[in-house]
Q: 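For reference, the structure I am asking about is given below.
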Amino acid sequence: MKKNIKIFGAVVIAVTAAMYGCSKVENGFLSNQIRYVDNPIKIKRGQIQSTNPVSNDGSSAPVVYKLLDIRDAEKHTHADSVFTNYERYEWIGKFDPEKDTTVELLNKKRQKVNSPCFEFNEHTGAFTFYGTSIKVPLGTYEFDIQASNQNGTKVYKNIATFTLIDEPPYHIGDGGAAWFKDGTTTSGDLGVPTVTIRKISDEGTNIILKIADQNGRYFNPAKDEIIRRGDRSDFQTYAQFHPLEKTDTSMVCNFETTPFPLLQSAYGYLIYYRIPSQFVTIDPGYAPTSDKVYNVNPRFQFQIFQEGTYEVVVKIKHVNRIIR
């Protein structure tokens, strides 16, 4: 009886081995559940933005991704405008904003290309959108990708959507203003200046900075009604590629590339200025006397994230420009 059991066991083992020997062994694993975890994706139109990589759900590395199509999510038709070529700059070298401080040095690290407003990373499945997405209509877009590894290739239809949205391409930070009595450290608070930013055009890379009194009358930078405040950071500190152009109402900066500023100073992104006492008076109750011996010192900050031409107006409360 024991002999028969041994013979039966041997037969089972032999048959099992034969069955597995005839079966094809699968190479690696390619999941059916590959997905974008941030779906639905929101893209700020006209700003440089990257999406999160694909979640490969444990698929065997390496996985190579291919973008198959992008369609208008409502019409389900190919999104021609997303694939249209637009002129933009592309980095061809590592840019160091601390060293590459001239246009000549900057241009050694970039070149103009004509390409769609996005790039698709075949190793991660992530998108990078560029400033030229400003030319693409707002709306929601659906897309398909393909994934391949040692296991084979699979197509993921309508894997996710992205929506192009318009958001302000700038940020206004905290600020303040103070009067100082000439030649002393005696000072008082004038409140936080009002900063407004208006995008004039999608073209160019220019900021037109105007500093005004409470009634909207602009101080004249060309006549030194606005001057630097010691060693504090000012507009020129961040306008590293071109000298400021001063007019009778504004200071104009060509910032060349986004974001602006590229780097923080020792004072963060703050811009400091002084308005000498001969050009300004202060409302009664905000300075000890009505004597014209009080200079005004505004500080403010902002960042620009999208190419274009902007007007930035800083209005200082409780002060009046002396018109000569």
Side-chain angles (χ1 to χ4, degrees), residues 168 170-200 206-240 242-253 255 260-304 310-324:
Y170 54 80
H171 171 73
I172 299 171
D174 296 332
W179 57 261
F180 279 80
K181 187 174 182 179
D182 291 346
T184 74
T185 58
T186 304
S187 66
D189 182 52
L190 290 170
V192 179
T194 301
V195 179
T196 57
I197 300 179
R198 181 170 66 97
K199 189 176 185 183
I200 298 172
N206 300 295
I207 299 171
I208 303 165
L209 174 62
K210 299 179 179 180
I211 299 178
D213 68 6
Q214 63 183 334
N215 299 304
R217 292 175 295 201
Y218 301 124
F219 293 96
N220 188 337
K223 291 186 177 179
D224 291 331
E225 293 183 16
I226 304 168
I227 62 175
R228 291 198 69 181
R229 184 178 169 186
D231 61 353
R232 301 289 180 94
S233 52
D234 64 359
F235 197 25
Q236 183 65 70
T237 302
Y238 308 108
Q240 62 189 73
H242 299 277
L244 293 181
E245 176 189 342
K246 294 183 178 181
T247 73
D248 57 357
T249 60
S250 66
M251 294 174 280
V252 183
C253 157
F255 56 90
F260 174 88
L262 283 170
L263 286 176
Q264 295 189 40
S265 70
Y267 302 95
Y269 295 117
L270 280 168
I271 293 171
Y272 292 83
Y273 276 109
R274 172 166 289 156
I275 300 167
S277 58
Q278 64 266 35
F279 301 116
V280 65
T281 62
I282 299 173
D283 283 349
Y286 289 91
T289 70
S290 60
D291 298 335
K292 295 181 177 62
V293 293
Y294 304 103
N295 58 79
V296 171
N297 299 263
R299 63 185 184 277
F300 51 91
Q301 58 183 309
F302 62 89
Q303 295 169 272
I304 302 292
Y310 298 82
E311 180 188 66
V312 180
V313 176
V314 179
K315 186 179 287 188
I316 310 169
K317 300 172 182 176
H318 315 301
V319 305
N320 302 281
R321 179 181 177 234
I322 296 175
I323 301 174
R324 296 178 178 274

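What you are looking at is a predicted structure, and each value in this text was computed from that prediction instead of being measured.
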Q: Specify the closest pair of heavy atoms between Phe279 and Asp224, including all atoms of both residues, with the distance to one decimal.
A: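 Of all heavy-atom pairs spanning Phe279 and Asp224, the closest is CE1-O, 3.5 Å.
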Q: Tell me the closest heavy-atom pair linking Phe235 and Ile271, and the distance in Å.
A: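 Taking every non-hydrogen atom into account, N-CG2, 3.6 Å.
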Q: State the CD1-CG distance between Ile322 and Asp213, to the nearest 0.5 angstrom.
A: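 Nearest 0.5 Å value for the CD1-CG distance: 10.5 Å.
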Q: Would you compute the distance between atom CD1 of Ile207 and atom CG of Leu244 and round it to the nearest 0.5 angstrom?
A: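 These two atoms lie 10.0 Å from each other.
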Q: More than 12 heavy atoms of other residues, nucleotides or ligands under 6.0 Å from NZ of Lys199: is that the case?
A: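 Correct, the count exceeds 12.
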Q: When rounded to the nearest 0.5 angstrom, what distance separates CG in Asn297 from CG in Leu190?
A: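 Nearest 0.5 Å value for the CG-CG distance: 9.0 Å.
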Q: Would you compute the distance between atom OG1 of Thr249 and atom CD1 of Ile208 and round it to the nearest 0.5 angstrom?
A: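 CD1 of Ile208 is found 8.5 Å from OG1 of Thr249.
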Q: Which distance, rounded to the nearest 0.5 Å, do you find between the CG of Asp283 and the OG1 of Thr281?
A: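 The distance works out to 7.0 Å.
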Q: So, for Cys253 and Ala239, which heavy atoms are closest and what is the spacing to 0.1 Å?
A: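 Between these two residues, the closest heavy atoms are SG-CB, 3.4 Å.
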Q: Other residues, nucleotides and ligands only: do more than 12 of their heavy atoms fall within 6.0 Å of NZ on Lys317?
A: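 Enclosed.
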Q: Cut-off 3.5 Å, side chains only: do Tyr269 and Ser233 have a donor facing an acceptor?
A: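 Judged by distance alone, the side chains do not pair up.
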Q: Which distance, rounded to the nearest 0.5 Å, do you find between the CZ of Arg321 and the CD1 of Ile211?
A: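 So the CZ of Arg321 and the CD1 of Ile211 are separated by 12.5 Å.
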Q: Can you tell me how the ring of Tyr238 sits relative to the ring of Phe260, calling it parallel under 30°, perpendicular over 60° and tilted otherwise?
A: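 If you compare the ring of Tyr238 with that of Phe260, the planes turn out perpendicular.
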Q: Tell me, yes or no, whether the heavy-atom count around Asp174 atom CG, taken from other residues, nucleotides or ligands under 6.0 Å, exceeds 12.
A: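 Result for CG/Asp174: open.
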Q: Please determine which of Ile275, Thr186, Asn295 meets the side-chain contact (heavy atoms from CB on, under 4.5 Å) test together with Trp179.
A: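 Going through the options one by one, the only one that passes is Thr186.
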Q: Ignoring hydrogens and angles, tell me if any N or O in the side chain of Asp234 forms a donor-acceptor pair with the backbone of Gln236 under 3.5 Å.
A: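 Checked: pair present.
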Q: For atom OH of Tyr286, is the number of surrounding heavy atoms from other residues, nucleotides or ligands below 6.0 Å larger than 12?
A: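 No, because the 6.0 Å sphere around OH of Tyr286 holds 12 heavy atoms or fewer from other groups.
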Q: Does Tyr272 use its side chain to pair, donor to acceptor, with the backbone of Gly230 at less than 3.5 Å?
A: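 Side chain of Tyr272 to backbone of Gly230: no pair is present.
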Q: Verify the distance criterion only: is there a donor paired with an acceptor across the side chains of Ser250 and Tyr218 at less than 3.5 Å?
A: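 Their side chains do not contain a donor-acceptor pair, so the 3.5 Å distance test is not met.
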